[in-house]
Visitor: 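My questions all concern the structure below.
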Amino acid sequence: SFSPSAYPPRPICFKPFPNNPLDNNCTPGEIPLNWFNMSEFMCGKVSACLGDEFKRFDVSKTSRSPAFDLALVTRVTDVSDLEYGKFFNVDINPSKGTMIA
């Protein structure tokens, strides 16, 4: 989801877990979410991390910096117990669920 400017992007020069099979799949919304997905969440499009159901947040100007316990996460290996419904105009209740990173 890179938005081009007058300057070319820098090459990716850091991969936290080289040759780890958990880092081979970068498909948005598929677990595990790896360092590439987490970078998209922080600096790119939310849907490029979490999947198409989150496209409406791609243009959000709110902070996407992961907070507290997610600040240094480079991989999410499991997400469970999500509660779907109408919660503050989002489909997932932000107070429910478990994430293993």
Side-chain angles (χ1 to χ4, degrees):
S1 67
F2 173 72
S3 298
S5 68
Y7 304 98
R10 288 181 288 187
I12 295 172
C13 53
F14 171 70
K15 190 171 181 181
F17 306 103
N19 302 317
N20 188 310
L22 293 175
D23 289 331
N24 292 339
N25 182 9
C26 298
T27 305
E30 286 187 13
I31 301 296
L33 299 174
N34 62 27
W35 68 275
F36 182 82
N37 301 109
M38 301 305 286
S39 296
E40 282 288 351
F41 179 83
M42 176 69 176
C43 302
K45 294 180 178 178
V46 174
S47 65
C49 174
L50 301 175
D52 287 341
E53 67 184 293
F54 290 87
K55 277 190 177 190
R56 67 174 166 231
F57 299 107
D58 285 348
V59 295
S60 172
K61 300 297 181 197
T62 57
S63 172
R64 294 187 188 162
S65 298
F68 309 113
D69 55 337
L70 296 179
L72 298 174
V73 170
T74 56
R75 181 188 299 134
V76 174
T77 59
D78 189 39
V79 178
S80 59
D81 302 321
L82 296 177
E83 181 180 347
Y84 291 89
K86 289 290 182 185
F87 304 98
F88 306 105
N89 293 323
V90 296
D91 295 339
I92 299 173
N93 184 346
S95 69
K96 303 288 182 182
T98 301
M99 179 186 301
I100 298 174

Visitor: Drop me the distance from Phe57's CZ to Phe41's CZ, to the nearest 0.5 angstrom.
Guide: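 The distance works out to 10.0 Å.
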Visitor: Partners of Asp52 by salt bridge (Lys or Arg N to Asp or Glu O under 4.0 Å), sequence neighbours excluded?
Guide: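 Only Lys55 meet the salt bridge (Lys or Arg N to Asp or Glu O under 4.0 Å) criterion with Asp52.
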Visitor: Can you measure from SG (Cys26) to CD (Glu40) and round to the nearest 0.5 angstrom?
Guide: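 One finds 9.5 Å between SG of Cys26 and CD of Glu40.
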Visitor: How many angstroms lie between CG in Asn20 and CH2 in Trp35, if you round to the nearest 0.5 Å?
Guide: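 Spacing of CG (Asn20) from CH2 (Trp35) equals 13.0 Å.
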Visitor: The criterion is side chain to side chain contact (heavy atoms under 4.5 Å, CB included); which residues satisfy it with Asn37, sequence neighbours excluded?
Guide: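 Scan of Asn37 (side chain to side chain contact (heavy atoms under 4.5 Å, CB included), adjacent residues dropped) gives Leu33, Asn34, Cys49.
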Visitor: Closest heavy-atom contact between Ser47 and Pro28?
Guide: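 Shortest heavy-atom contact: O-CB, 3.2 Å.
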Visitor: Let's go through Val79 and Ile31 carefully: what are the C-alpha distance in whole Å and the side-chain angles of both, what is the deciding distance for side-chain contact (heavy atoms from CB on, under 4.5 Å) to 0.1 Å, and is it a yes or a no?
Guide: CA-CA 8 Å; Val79 178; Ile31 301 296; 3.7 Å; yes
